[in-house]
Amino acid sequence: MAFADLGGLETLSCGFAEGVATIALNRPDKLNAVCRQMHADFRTALDALETDASVRCLVLRGEGRAFCSGQDLTEDLSTEADGKPDLGEALDRDYNPLVERLTALRIPVIAAVNGVAAGAGANLALVCDIVLAGESALFVEAFCRISLIPDAGGTWVLPRLVGRQRALAMMMTGEPVDAKTAKDWGMVWAVYPDADLVAETQAFAARLASGPTAAFTRMKQAVESAWDNTLPQQLAVERDLQAECGKLDDFIEGVTAFGEKRAAKFRGK
Ligand code: T3D
């Protein structure tokens, strides 16, 4: 099914315009807490997204006054044979595949954060490629308040974004980090007035959706592999991916447009 034909799911509202797919978390009365049904709806949305070449950028945002309050703490927990909670099961079944699928997407993935992004909700935003925020945005690594460690990729992404000390302080205190600080620390690319966030995000996403998508895919691959590579290894990665970029239609178009002193019209391949 094409992403544009998805319509609304039970807990997500999905839209498509200008090459941009939007998935909005839609449980505003619970500040968009993530429940099992939301994970099922994410699977449906991502199934459609991954196979739809017309989608060239994804926006993740929250309906109502918050982005996402993390795991729905009122949901029944899976238990082990001894009756104790088995939190690892929910990660294996739901959160880890979701984070892996979001981060493996070939297109730019943007989080638009309004209001609170707490717990797994904060980390779902932070694993996106680019985070845009409304002035009301607050990032809260709330896990310590219930004696848990950050999950949904938080321990991986946060130190990479803000460094070890700030990451651990956020995790151990659970103190909210506001939009301005998040931008100063490199967690957020841009901050907009709340009333403008949706429109600014759509404009930003549409700009990326009309960009050289196949080159963006390779940028993501290169940046991803850089974490573990030595410089010589990474230079080799750049050589291989650049060689692929040189064979793209969009490279010819970019160079032609430069010569003709006009804006390039990229088709994403
Ligand atoms: O359980 C597992 O599987 C472990 C997995 C862990 C992953 C995680 O994400 S752990 C972290 C979970 N999230 C939190 O601990 C945050 C909980 N929420 C809050 O601390 C506060 O709600 C906020 C700081 C996010 C916002 O505060 P405030 O004062 O702006 O709003 P509120 O009044 O607390 O919340 C509004 C409603 O949303 C309220 O419902 P009500 O009373 O109007 O019917 C509240 O209960 C509900 N809500 C907020 N967060 C959650 C939630 N309901 C379920 N789960 C939530 N996480």
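Values below: all heavy atoms of this structure, side chains included; hydrogens, waters and symmetry mates excluded. Atoms within each ligand, like the ligands themselves, are counted from 1 in listed order.
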Would you say the side chain of Arg61 lies within less than 4.5 Å of the side chain of Leu25, judging by non-hydrogen atoms?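 SC-SC contact between Leu25 and Arg61 ruled out.
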Under 4.5 Å between any side-chain heavy atoms of Ile107 and Cys57, yes or no?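 Counting from C-beta outward, Ile107 and Cys57 never come under 4.5 Å.
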Report the residues that fulfil side chain to side chain donor-acceptor pair (under 3.5 Å) with Ser54, sequence neighbours left out, ordered by chain and then residue number.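 Listed in chain order: Asp52.
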What residues come within 4.0 Å of ligand 1, counting heavy atoms only?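 Heavy-atom contacts below 4.0 Å: Asp29, Lys30, Leu31, Ala33, Arg65, Ser69, Gly70, Gln71, Asp72, Leu73, Leu77, Leu87, Val116, Gly119, Ala120, Ala142, Phe143, Arg145, Ile146, Leu148, Asp151.
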Taking the inter-plane angle between the rings of Trp189 and Phe204 on a 0 to 90° scale, is it parallel (under 30°), tilted (30 to 60°) or perpendicular (over 60°)?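 Judged by the thresholds at 30° and 60°, the geometry between Trp189 and Phe204 is tilted.
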List for me each residue that meets side chain to side chain contact (heavy atoms under 4.5 Å, CB included) alongside Val162, sequence neighbours excluded, and say none if there are none.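 Expected list: Leu158, Arg166, Ala167, Trp185, Met187.
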Linked hydrophobic residues, Val223 as query - side chain contacts closer than 4.5 Å: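 Noted: Val223 shares its cluster with no other residue.
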